[in-house]
Amino acid sequence: MTGNSFSVSGYGPERSGWTRLFARDSLARRLDWPILFSAIALSLIGAALVYSATRNRTELNQGDPYYFLLRHLLNTGIGFALMIGTVWLGHRTLRTAVPILYGISVLLILLVLTPLGATINGAHAWIVIGGGFSLQPSEFVKITIILGMAMLLAARVDAGDKPHPDHRTVLQALGLAAVPILIVLLMPDLGSVMVMVVIVLGVLLTSGAPNRWIFGLIGTGALGAIAVWQLGVLDEYQINRFAAFANPELDPAGVGYNTNQARIAIGSGGLLGTGLFKGSQTTGQFVPEQQTDFVFTVAGEELGFVGAGLIILLLGVVLWRACRIARETTELYGTIVAGGIIAWFAFQAFENIGMTLGIMPVAGLPLPFVSYGGSSMFAVWVAVGLLQSIRVQRPMSA
């Protein structure tokens, strides 16, 4: 069965999409509730942390302590609606729309390089829409890379023509991913590029591509990183971030300030934390960008090891269930899509939490579901919708 028709008893082409979506004999039983509840819990915990980090920031919240809280909840609501829409459409329907989605995403990131693009927090990676809203197209590129590569790599395998992707198909898939990655590198948005490269690796690993491509890509990535450094593609602030990571004491009042303050905030939380809204580092506004990149420091300080551990546990549940979905689906396309999402979520969460602890360089990546930011929130909820669609549309025997 193709398109947005679920291969479930009692579902037929004569029934509308919304009737199928809410049919009590199937959908409720097939949805992966642990993923759904974990994602909702993370978003709500994020709302409390964002509010704590911004309620006293009058220079940011325009005098309204609930400014960021309400927007975070609105972003979560829109993201949840996008998740429902993705399940309704189905990952198989989106497979047929990949060329259109890919073209739109490439166009959007190209617009960032025009006068329509804007620099926020040092990264020229945004399009300002107006009314206080902005769009970061690179977040949606992550999804189109996953869908596009999965479409190419799984086409002949799912049709029964090949046992695994051949070299020509792998090369085509890498070419598809290379175009948006190179454009994002020109912004430069190094954090997003890092995530996209990991996504490509995750996609290739789950596709069954020959191992030589995996090792070749890792080697090429290492050489590319050296070339980027030597050719001066990176902005000065990005170079300073890596320098501060290599030597945290290099400039504790300058480039090393963010990381040092983040570690102080987390370390002061102890086992149970200082209490929500009672953290001295958070209340004193000592940690920059605390509602976005460094939101985990609020959890570490005010909720302590237990609260921060709960966030990591919930992220672990999402990854665990995503791995189970990838393993149980019988179509390679679904396996690859799930594998790309797993690589995306795992690396981005590790990088975000790691940079607050000083074990990873500062890369300006949000914590999935928790950090404030519309584009990121919308993208991760669409990804949850893709995972749910893969689970819902699997055969009954799976």
Side-chain angles (χ1 to χ4, degrees), residues 86 91-92 94-99 101-102 105-106 109 138-159 162-185 191-222 224 318-319 321-351 365 368 379-380 382-391:
T86 302
H91 66 291
R92 295 171 185 164
L94 290 174
R95 181 179 189 171
T96 64
V98 163
L101 296 175
Y102 181 81
S105 65
V106 170
I109 55 176
S138 57
E139 291 293 336
F140 304 102
V141 170
K142 299 170 186 176
I143 298 173
T144 55
I145 286 177
I146 293 172
L147 293 176
M149 292 188 70
M151 178 193 69
L152 291 174
L153 293 169
R156 300 185 69 179
V157 177
D158 284 340
K162 294 279 186 179
H164 54 74
D166 56 25
H167 295 295
R168 180 180 178 182
T169 303
V170 173
L171 188 60
Q172 291 173 339
L174 289 176
L176 178 144
V179 173
I181 289 176
L182 290 174
I183 297 173
V184 174
L185 184 61
S192 294
V193 169
M194 291 167 58
V195 176
M196 292 174 191
V197 170
V198 172
I199 286 173
V200 171
L201 282 172
V203 165
L204 291 182
L205 283 170
T206 52
S207 71
N211 288 334
R212 70 188 68 175
W213 283 102
I214 308 297
F215 294 118
L217 186 61
I218 294 174
T220 302
V318 172
L319 293 173
R321 298 302 298 184
C323 288
R324 183 168 180 175
I325 289 171
R327 185 179 67 249
E328 292 181 348
T329 184
T330 57
E331 59 175 2
L332 182 60
Y333 175 71
T335 299
I336 294 175
V337 171
I341 293 171
I342 293 166
W344 166 14
F345 284 7
F347 177 77
Q348 189 160 317
F350 178 78
E351 163 62 29
L365 292 173
V380 294
V382 168
V384 170
L386 289 170
L387 291 172
Q388 296 286 11
S389 173
I390 294 167
R391 178 177 170 83

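No experiment lies behind these values; they were computed from the predicted model shown.
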Close side-chain approach of [X] and [Y], heavy atoms under 4.5 Å:
X: D166; Y: R156; result: yes
X: L204; Y: L174; result: yes
X: P180; Y: Y102; result: yes

Which pair of heavy atoms, one from [X] and one from [Y], lies closest together, and at what distance?
X: A150; Y: V337; value: CB-CG2, 3.7 Å
X: P210; Y: V170; value: CD-CG2, 4.4 Å
X: I342; Y: L319; value: O-CD2, 3.8 Å
X: A177; Y: V200; value: CB-CG2, 3.8 Å
X: L153; Y: P165; value: O-CG, 3.4 Å
X: S138; Y: V184; value: CB-CG2, 4.3 Å

If you measure from [atom1] on [X] to [atom2] on [Y], what distance do you get to the nearest 0.5 Å?
X: T86; Y: L94; atom1: OG1; atom2: CG; answer: 6.5 Å
X: I325; Y: I390; atom1: CD1; atom2: CD1; answer: 7.0 Å
X: I109; Y: I183; atom1: CD1; atom2: CD1; answer: 4.0 Å
X: I143; Y: S105; atom1: CD1; atom2: OG; answer: 10.0 Å
X: I199; Y: I181; atom1: CD1; atom2: CD1; answer: 8.5 Å
X: T96; Y: M151; atom1: OG1; atom2: CE; answer: 10.0 Å

Side chain to side chain donor-acceptor pair (under 3.5 Å) partners of residues 204-214, not counting sequence neighbours, each pair once
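For residues 204-214: H167-W213.
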Derivation of the side chain to side chain contact (heavy atoms under 4.5 Å, CB included) call for W344 and V380
CA-CA 9 Å; W344 166 14; V380 294; 4.1 Å; yes
Can you name the residues that form a ring-ring contact (aromatic ring centres under 6.0 Å, His included) with F347, not counting sequence neighbours?
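For F347 there are no ring-ring contact (aromatic ring centres under 6.0 Å, His included) partners, ignoring immediate neighbours.
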List the residues meeting salt bridge (charged side-chain N to carboxylate O under 4.0 Å, His left out) with E331, not counting sequence neighbours, and say none if there are none.
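E331 satisfies salt bridge (charged side-chain N to carboxylate O under 4.0 Å, His left out) with R92 only.
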Please check this pair: side chain of T144 against backbone of L101, looking for a donor-acceptor N/O pair closer than 3.5 Å.
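Side chain of T144 to backbone of L101, a donor-acceptor pair under 3.5 Å: no, none is there.
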I341 vs I146, side chain to side chain contact (heavy atoms under 4.5 Å, CB included): CA-CA, chis, key distance, verdict:
CA-CA 8 Å; I341 293 171; I146 293 172; 4.0 Å; yes
Under the criterion side chain to side chain contact (heavy atoms under 4.5 Å, CB included), I'd like the reasoning laid out for L147 against L386: C-alpha separation, chi angles, the key distance, then a yes or no.
CA-CA 10 Å; L147 293 176; L386 289 170; 4.2 Å; yes
